[in-house]
There are 2 protein chains.
Amino acid sequence: MNIGDVAERSGLPAKTIRYYEDIGLVKPLRSANGYRSFRDRDVHKLAFLGRARALGFSIEDCRNLLKLYEDDDRTSSEVKQIAEVQLDRIDRKIAELTEMRATLAHLVDACAGDHRPDCPILADLAAKEEEIALLNEAG
Amino acid sequence: MNIGDVAERSGLPAKTIRYYEDIGLVKPLRSANGYRSFRDRDVHKLAFLGRARALGFSIEDCRNLLKLYEDDDRTSSEVKQIAEVQLDRIDRKIAELTEMRATLAHLVDACAGDHRPDCPILADLAAKEEEIALLNEAG
DNA sequence: GATAGGGGTTCCACCTGATGGAAGGTCAAT
DNA sequence: ATTGACCTTCCATCAGGTGGAACCCCTATC
């Protein structure tokens with residue numbers, strides 16, 4: 001199967017598939033004309049990768065998950081551990097964004113958004129310098 | 001003031017400060033010996049940048065915010081608009097992560113995490129290929 | 001005066017995860 | 001023979017820095 005068909009079937013752009021070959025995630029055969037020739041298992045792998053990436057797993061995680069996927073002697077605990085670490089990363093990211101959101105929403109709320117220059121958003125971004133200055137004086 | 005002191009006061013790594021100069025966010029003077037010489041307003045700017053980045057604003061947003069900050073003729077609506085767009089970005093990111101989290105948490109939950117190879121996580125990552133196949137057959 | 005240390009400088013490479021585009025080969029149909 | 005849709009490689013670019021090498025500067029100490 002040529003890369004175009006694989007792209008369609010796996011849902012990944014051809015460029016991405018080439019990139020995944022580049023970094024060793026898939027190893028398609030080559031036809032006589034030099035075209036990449038994907039077997040079913042290559043397509044499976046790519047779809048697997050697409051799903052894993054959609055869950056936010058890093059490429060290195062994907063590499064490991066793929067290895068486990070193809071290893072009949074794996075234990076589910078190995079897989080679960082990778083997933084748990086990822087879950088944790090997601091949780092921390094969500095927490096971080098939630099905090100950002102709260103701060104920013106508060107500022108947006110306080111800003112009149114009119115023709116005047118007075119702006120609590122800029123004031124806040126600038127004000128913290130003074131806090132730092134105070135911290136430095138205190139320290 | 002030398003870059004080390006500025007780094008300490010602004011909370012930004014010296015490397016980052018040099019990078020910010022590189023991309024034109026700050027323009028410190030130079031001492032006779034070639035060292036960067038930061039004025040108070042440079043330090044202010046850097047602290048401002050640190051805060052804005054902490055709220056997730058892109059460098060380009062930061063550039064614009066900084067321009068508005070230094071422009072007495074700005075309107076608060078200009079600032080608010082940038083902030084609202086960013087708020088929206090954060091909201092979408094949180095939504096995306098929350099969905100990832102739900103899926104992944106479900107899978108982690110379903111996985112025994114023991115010595116056996118059977119793993120719902122891998123099964124799920126692999127299974128979607130079949131869904132795609134079905135979709136393709138249907139299409 | 002030599003030397004050690006803790007600054008500073010530039011420049012280039014690398015990171016993640018692709019994506020865009022140029023220049024050119026291949027193939028099926030007209 | 002030529003068009004158009006494929007495919008190939010290679011190189012550059014994006015964000016937002018970070019790491020490290022090689023080298024300069026300044027002060028203090030012996």
Side-chain angles (χ1 to χ4, degrees), chain A residues 1-38 42-43 45-46 48-66 85-86 89-90 93 96-97 100, chain B residues 1-38 42-43 45-46 48-66 82 85-86 89-90 92-93 96-97 100:
Chain A
M1 209 186 308
N2 283 352
I3 201 166
D5 302 316
V6 178
E8 209 178 331
R9 291 207 194 191
S10 67
L12 296 172
K15 274 254 154 172
T16 301
I17 296 173
R18 289 194 197 98
Y19 171 66
Y20 284 176
E21 182 189 13
D22 231 53
I23 61 175
L25 286 177
V26 276
K27 297 184 173 49
L29 303 175
R30 291 289 174 143
S31 305
N33 58 12
Y35 286 16
R36 287 172 183 79
S37 176
F38 295 84
D42 297 319
V43 183
K45 270 194 182 185
L46 287 166
F48 184 103
L49 287 168
R51 281 282 301 165
R53 292 287 299 132
L55 287 178
F57 286 106
S58 71
I59 293 288
E60 277 323 292
D61 279 347
C62 287
R63 207 186 288 282
N64 291 324
L65 287 170
L66 216 42
V85 168
Q86 171 59 9
R89 266 196 296 264
I90 292 177
K93 194 79 197 157
E96 189 192 333
L97 285 169
M100 276 186 195
Chain B
M1 209 187 306
N2 284 352
I3 201 166
D5 302 314
V6 178
E8 210 178 332
R9 292 208 194 189
S10 67
L12 295 171
K15 275 252 155 177
T16 301
I17 296 174
R18 289 196 197 97
Y19 172 65
Y20 285 174
E21 182 189 13
D22 232 52
I23 61 176
L25 287 177
V26 276
K27 297 181 173 50
L29 304 174
R30 293 290 174 142
S31 306
N33 59 11
Y35 287 17
R36 287 173 185 79
S37 177
F38 296 83
D42 298 319
V43 183
K45 270 195 185 186
L46 287 165
F48 183 102
L49 286 167
R51 281 283 301 166
R53 293 286 301 132
L55 287 178
F57 287 105
S58 71
I59 293 287
E60 277 323 291
D61 280 347
C62 288
R63 206 185 290 280
N64 291 324
L65 287 170
L66 217 42
I82 295 176
V85 168
Q86 170 60 10
R89 267 198 295 265
I90 292 178
R92 271 180 285 113
K93 194 81 197 158
E96 189 193 331
L97 285 170
M100 275 187 196

Sidechain-backbone polar pair: B:T16 side chain, B:L12 backbone, donor-acceptor under 3.5 Å: no

Nearest whole Å is fine: how far is C:dG8 P from B:E8 CD? 11 Å

Should B:E60 and B:R63 count as an ion pair when the cut-off is N to O under 4.0 Å? yes

Partner residues of A:R53 under the salt bridge (charged side-chain N to carboxylate O under 4.0 Å, His left out) criterion, sequence neighbours left out: none

Identify, between A:A32 and B:N2, the residue whose nearest nucleotide on DNA chain C lies closer to the 5' end. B:N2

B:K15/B:E21 ion pair, N-O < 4.0 Å: no

Nearest whole Å is fine: how far is C:dT16 P from A:E60 CD? 7 Å

My understanding is that only one of A:D22, A:I17, A:I23 makes a side chain to side chain contact (heavy atoms under 4.5 Å, CB included) with A:Y20; could you say which? A:I23

Quick one: is D:dT18 close enough that its OP1 or OP2 comes under 4.0 Å of any side-chain N or O from B:T16? yes

Looking at the side chain of B:P13, which of D:dT18, C:dT9, C:dT19 is the nearest nucleotide? D:dT18

Counting just side-chain N and O atoms, does A:R36 come under 4.0 Å of either OP1 or OP2 of D:dT8? yes

Within residues 17-24 of chain B, find the residues that approach DNA chain D with a heavy atom at under 4.0 Å, and present them sorted by residue number. B:Y19, B:Y20

Pick out the pairs of N or O atoms, protein on one side and nucleotides 22-25 of chain C on the other, that lie under 3.5 Å.
residue	atom	partner	partner atom	Å
C:dG25	N2	A:Y35	OH	2.9

When the distance from CG of A:D5 to P of D:dA5 is rounded to whole Å, what number comes out? 16 Å

Rounded off to whole Å, could you give me the CZ-to-C1' distance for the A:R63 and C:dG17 pair? 12 Å

Bend angle of the helix from C:dG1-D:dC30 to C:dT30-D:dA1 from five-pair axes at both ends, rounded to 10°? 40°

Between B:R36 and B:M1, does the side-chain contact (heavy atoms from CB on, under 4.5 Å) criterion hold? Intermediate values first, please. CA-CA 8 Å; B:R36 287 173 185 79; B:M1 209 187 306; over 6 Å; no

Atom CD1 of A:I3 to atom P of C:dA18: distance rounded to whole Å? 14 Å

To the nearest 0.5 angstrom, please state how far the OH atom of A:Y19 sits from the CG atom of A:L25. 8.0 Å

Check whether any side-chain heavy atom of A:L65 lies under 4.5 Å from a side-chain heavy atom of A:F48, and answer yes or no. yes

Mind checking what makes side chain to side chain contact (heavy atoms under 4.5 Å, CB included) contact with A:K27, not counting sequence neighbours? none

Pairing residues for A:D61 by the side chain to side chain contact (heavy atoms under 4.5 Å, CB included) criterion, not counting sequence neighbours: A:F57, A:S58, A:I82, A:Q86, A:R89

Side-chain donor or acceptor of A:N33 paired with backbone N/O of A:Y35 under 3.5 Å: yes

Quick note, A:R53 side chain, CB onward, closest among C:dA18, C:dT9, D:dG16 is C:dA18

I need the CD1-P distance between A:I59 and C:dC15, as an integer number of Å. 14 Å

